[in-house]
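When a ligand or atom number is given, it counts from 1 through the structure's own listing order. In this chain, numbering begins with 1 at the start of the sequence shown. This structure is a prediction, so every number in the text was calculated from the model and none was measured.
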Amino acid sequence: MIVIFRNIDEQDIDSMTKWLNKQGVSMQIFDNDGTIIGKLYGNIKAIDSRFLYEWKSVINVISTECNHALAGNSKGKRTVTVGNVTFGQEFVMIAGPCTIEQEQDLLTVARAVADSGAKVLRGGAYKPRTSPYSYQGLGSEGLAMLERAGKECGLMTVSEIPDAQLLSQFDHIDILQVGARNMQNYYLLKQLGKCNKPILLKRGLSSTVDEWLYSAEYIMSEGNCNVILCDRGIRMGDRCVVDIAQLYNSLEMTCLPIIVDPSHACGNSNLVLPLSRAVASLAIDGLMIEVNADCQKTLCDGVQSLSITQYQQLVTQVDTIRRVI
Ligand code: PEP
Ligand code: MN
């Protein structure tokens with residue numbers, strides 16, 4: 001366990017040391033570039049970390065059992081800026097089709113979501129499909145369409161990168177998405193840690209928050225700290241579920257911005273609006289919503305995609321909730 005102090009307050013440190021010693025714990029103090037840190041040794045299990053905040057100079061108590069040195073919350077919240085958008089500072093709407101299929105539909109959606117205040121256009125060009133016989137995406141051609149639509153509508157762009165070898169194809173895409181299925185592809189994460197683009201890291205289908213943060217740690221420890229987390233629910237039976245209580249906890253556990261993707265969590269467009277309303281009441285940093293010009297015809301995730309009208313309704317309701325909160 002580590003205790004971070006606001007400053008060297010001899011009286012506080014003395015009285016805490018005495019109290020800790022009585023519990024069978026010793027504390028070693030060191031100054032890490034101006035940050036005063038107390039490292040606790042011994043019978044740590046006897047300590048309820050919440051109690052340590054009774055000492056007024058304590059800023060933070062960190063459990064070292066869970067060692068998210070960079071992605072953890074010990075240094076306060078981080079922001080991630082992409083062009084004119086700052087995650088962690090403003091509520092960011094990301095919207096667009098699951099997959100890029102044809103340019104005209106993409107443009108129709110891009111114009112509509114930009115008019116409703118979205119800042120980022122999503123669209124998959126490389127699609128991780130359960131069946132190898134399902135539509136796999138347009139690849140580099142799709143990325144070029146996304147770039148053009150983003151430029152035309154003044155939107156930043158995000159698309160999933162499944163393999164670091166494709167990095168050069170993503171030169172003109174603003175945010176690189178790591179899909180749920182790749183959250184623990186550590187070799188991909190390390191490569192993305194060496195590039196200078198923001199990474200949207202989705203939570204794995206069966207991952208704990210601890211594992212999710214370790215994946216962020218893989219990217220950050222290679223030097224790229226521009227990571228945005230995206231909770232897209234975890235698998236429970238036939239559906240995925242966003243655990244709202246745990247989401248609240250995740251927001252407390254990390255310094256990184258967290259957005260929610262209710263489309264993949266719900267798997268059904270009827271549920272996207274109510275789930276968006278529910279999570280918008282927490283201090284999340286944005287939403288990512290699948291929107292399609294023609295949900296019936298699309299080759300990928302049409303059942304969970306919203307029409308443009310449904311999306312506009314969602315934005316109005318989420319805005320209202322956020323104003324109340
Ligand atoms: C997607 O965003 O289209 C996608 C496939 O998401 P996930 O990786 O969360 O399933
Ligand atoms: Mn999808």
Problem set entry | Inter- and intrachain pairs under side-chain hydrogen bond (donor to acceptor under 3.5 Å, both in side chains), touching residues 13-30, at least two apart | S15-W55, Q28-Y41
Exercise. Among all protein non-hydrogen atoms, which one is nearest to atom 6 (O) of ligand 1, and what is the separation to 0.1 Å?
Worked result: K202 NZ, 2.9 Å
Problem set entry | Contact atoms of ligand 1, heavy-atom distance to E290 under 4.0 Å | 3 (O)
Seminar exercise, completed: Of all protein heavy atoms, the one nearest atom 4 (C) of ligand 1 is H264 NE2, 3.4 Å
For this session: Would you check whether R203 reaches within less than 4.0 Å of ligand 1, judged by its heavy atoms?
Result: no
Exercise. So which heavy atom in the protein is nearest atom 8 (O) of ligand 1, and how far is it from that ligand atom?
Worked result: A180 N, 2.7 Å
Problem set entry | Pair S305, N292: side-chain N/O donor-acceptor within cut-off below 3.5 Å | no
Seminar exercise, completed: Total protein N/O/S atoms sitting under 2.8 Å from the Mn ion (ligand 2), waters ignored, is 4
Exercise. Do the side-chain N and O atoms of Y135 and E101 include a donor-acceptor pair separated by under 3.5 angstrom?
Worked result: no
Exercise. Does CD belonging to E252 count more than 12 external heavy atoms closer than 6.0 Å?
Worked result: yes
For this session: Could you tell me whether some N/O pair between D261 and ligand 1 is separated by less than 3.5 angstrom?
Result: no
Exercise. Taking atom types as modelled, is there a side-chain donor on H68 or D210 under 3.5 Å from an acceptor on the other?
Worked result: yes
Exercise. For K297, does the NZ atom sit with more than 12 other heavy atoms under 6.0 Å from it, leaving out its own atoms?
Worked result: no
For this session: For R232, take its heavy atoms, then give the atoms of ligand 1 lying under 4.0 Å from any of them.
Result: 7 (P), 9 (O), 10 (O)
For this session: Report, in ascending order of atom number, the atoms of ligand 1 lying under 4.0 Å from any heavy atom of G179.
Result: 8 (O)
For this session: Please check if L155 and L106 belong to a single hydrophobic cluster, counting links between Ile, Leu, Val, Met, Phe, Trp and Tyr side chain heavy atoms closer than 4.5 Å.
Result: yes
For this session: Verify the distance criterion only: is there a donor paired with an acceptor across the side chains of Q313 and Y311 at less than 3.5 Å?
Result: no
For this session: Indicate yes or no: does E160 engage K202 in a salt bridge with an N to O separation below 4.0 Å.
Result: no
